[in-house]
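Everything numeric here is computed off the predicted structure, so don't read it as measured data. Letters A, B, ... mirror the listed sequences (proteins, then strands); counts begin at 1.
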2 protein chains.
Amino acid sequence: MIETPPESALVAFGLERLYDALRRLAPRMGLSLTAHSTLKRLSQLGPQRLSELHAAESVTQPAMTQLVTRLEKDGFAVRGGDPADRRAVLVSITEAGSALVEQRRVAYAEALDTVLAGLSEADRAAIIAALPAMERLVDAVAAHATT
Amino acid sequence: MIETPPESALVAFGLERLYDALRRLAPRMGLSLTAHSTLKRLSQLGPQRLSELHAAESVTQPAMTQLVTRLEKDGFAVRGGDPADRRAVLVSITEAGSALVEQRRVAYAEALDTVLAGLSEADRAAIIAALPAMERLVDAVAAHATT
DNA sequence: GATACATGTATAAGCCAGTGATATAAATCT
DNA sequence: AGATTTATATCACTGGCTTATACATGTATC
């Protein structure tokens, strides 16, 4: 039995473990994964339609309607009408929402920092060196998802 | 304002995006994140106590009781008594459970493979080179969690 | 060895976040 | 105008988590 290219299997195994680890590391702050991801998206890309959000986050439209309702109730986002299309709802992040995203980002970076500090300089360097490649991996995944 | 060590911030940003990407890539197969993680654990480490599982997966003990009940109902795990301690429950994975884990692993590897194929050789090499370091990062996160 | 405490699991009640099916309103197309 | 498509909302339901609590078994102390 030939050793068929084990690269992807290795990468898959490694990334899956990494995923689980990162999941444990991420601060919860009382919001769901989707809620965080949606807020980050709003924070980075500005106001979005509800339908854009539901497609981007891979949840059903009713789920996004409810999520936006919750975010609105908690003061992290607001609904606004789209003057160009009066059916549409433009969701925007609020000051409080941006603050939450930032706060979580900092907490996450700090937690990761603590962990990184325990690694060797060489390991840190290897991870940092791989960041641009992982960036492109992320882009490729995003492109793959829309396909 | 001095540029304070931006390394960890960069790594945090990169890993967080990677996390979101991997989340979208992972096949769901009708099981929750915790369910998958628990099955993987049982598959790798063999039978475990319910209490071990609940601690390892960072959920409450009742949540694990219910998860095991669901897994048992679906035929992916079984409860067994611990002869040494009759209070304890030893949870084991079944054939069907192992098959599911394997099936998902393959699906994940394939999805990742497709994505990796779109990257340059240099990028793949960089990611592969960083795997051992990420492995140790995972270990460090695990150690950090128990602290 | 009886009493007290600790440990392991289960049950109950409730909440949050998702689903599919369907309704309503606005835009678009003949 | 009428029909169809698009954007969002509402409803009824389920899954998976939480806290509080109960119950059974094990351990320690006197």
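There is no side-chain donor-acceptor pair under 3.5 Å between B:Glu110 and B:Thr114. With hydrogens and angles left out, the side-chain atoms of A:Thr65 and A:Gln61 include a donor and acceptor closer than 3.5 Å. Side chains of A:Glu57 and A:Ser37: a donor-acceptor N/O pair is present below 3.5 angstrom, by distance only.
Set against D:dA9, C:dT9, D:dC17, the side chain of A:Gln61 has D:dA9 as its closest nucleotide. Side chain of A:Pro62, nearest nucleotide from D:dT25, C:dT9, D:dC11: D:dC11.
For the pair B:Arg87 and C:dA10, the criterion of a side-chain N or O lying under 4.0 Å from OP1 or OP2 is not met. The phosphate of D:dT8 (OP1 or OP2) has no side-chain N or O of A:Thr65 nearer than 4.0 angstrom. Side-chain N/O atoms of A:Ser51 include one lying less than 4.0 angstrom from OP1 or OP2 on D:dT8. Contact between the side-chain N/O atoms of B:Thr60 and the OP1/OP2 oxygens of D:dC17 is not found at any separation under 4.0 Å. Checking the phosphate oxygens (OP1, OP2) of D:dC17, a side-chain nitrogen or oxygen of B:Thr34 falls inside 4.0 Å. Checking the phosphate oxygens (OP1, OP2) of C:dA25, no side-chain nitrogen or oxygen of A:Arg86 falls inside 4.0 Å. Of the side-chain N and O atoms in A:Arg70, none sit less than 4.0 angstrom from OP1 or OP2 of C:dC16.
Comparing A:Gln66 and A:Val89, the nucleotide of DNA chain D nearest to each residue sits closer to the 5' end for A:Val89. Nearest-nucleotide positions on DNA chain D for A:Ala88 and A:Thr69 put A:Ala88 closer to the 5' end. Residue A:Gly30 is the one, among A:Gly30 and A:Ala84, whose nearest nucleotide of DNA chain C lies closer to the 5' end (criterion: closest heavy atom).
No side-chain heavy atom of B:Leu22 sits less than 4.5 Å from a side-chain heavy atom of A:Leu22. By the 4.5 Å heavy-atom criterion applied to side chains, A:Leu31 and A:Leu100 are counted as neighbours.
In this structure, the separation between CZ on B:Arg49 and CZ on B:Arg87 is 7.0 Å, given to the nearest 0.5 Å.
Taking atom CG of residue A:Leu50 and atom P of nucleotide D:dT6, one finds them 17 Å apart after rounding to whole Å. To the nearest angstrom, C1' of D:dA9 lies 16 Å from NZ of A:Lys73. Rounded to whole angstrom, the span from the CG atom of B:Leu33 across to the P atom of C:dC16 amounts to 20 Å. Distance A:Asp85 CG to C:dT28 C1': 11 Å, rounded to the nearest Å. Distance, A:Leu53 CG to D:dT6 P: 19 Å, rounded to whole Å. Regarding A:Arg23, its CZ atom lies at a distance of 13 Å from the C1' atom of D:dG16, rounded to whole Å. Summarising the geometry, the separation between CD on A:Glu72 and C1' on D:dT8 is reported as 13 Å, rounded to the nearest angstrom. One interatomic measurement links the two molecules: NE2 of A:His54 to P of D:dA7, which rounds to 9 Å at whole-angstrom precision.
Within 4.0 Å (heavy atoms only), A:Ala63 reaches at least one base atom of the nucleic acid.
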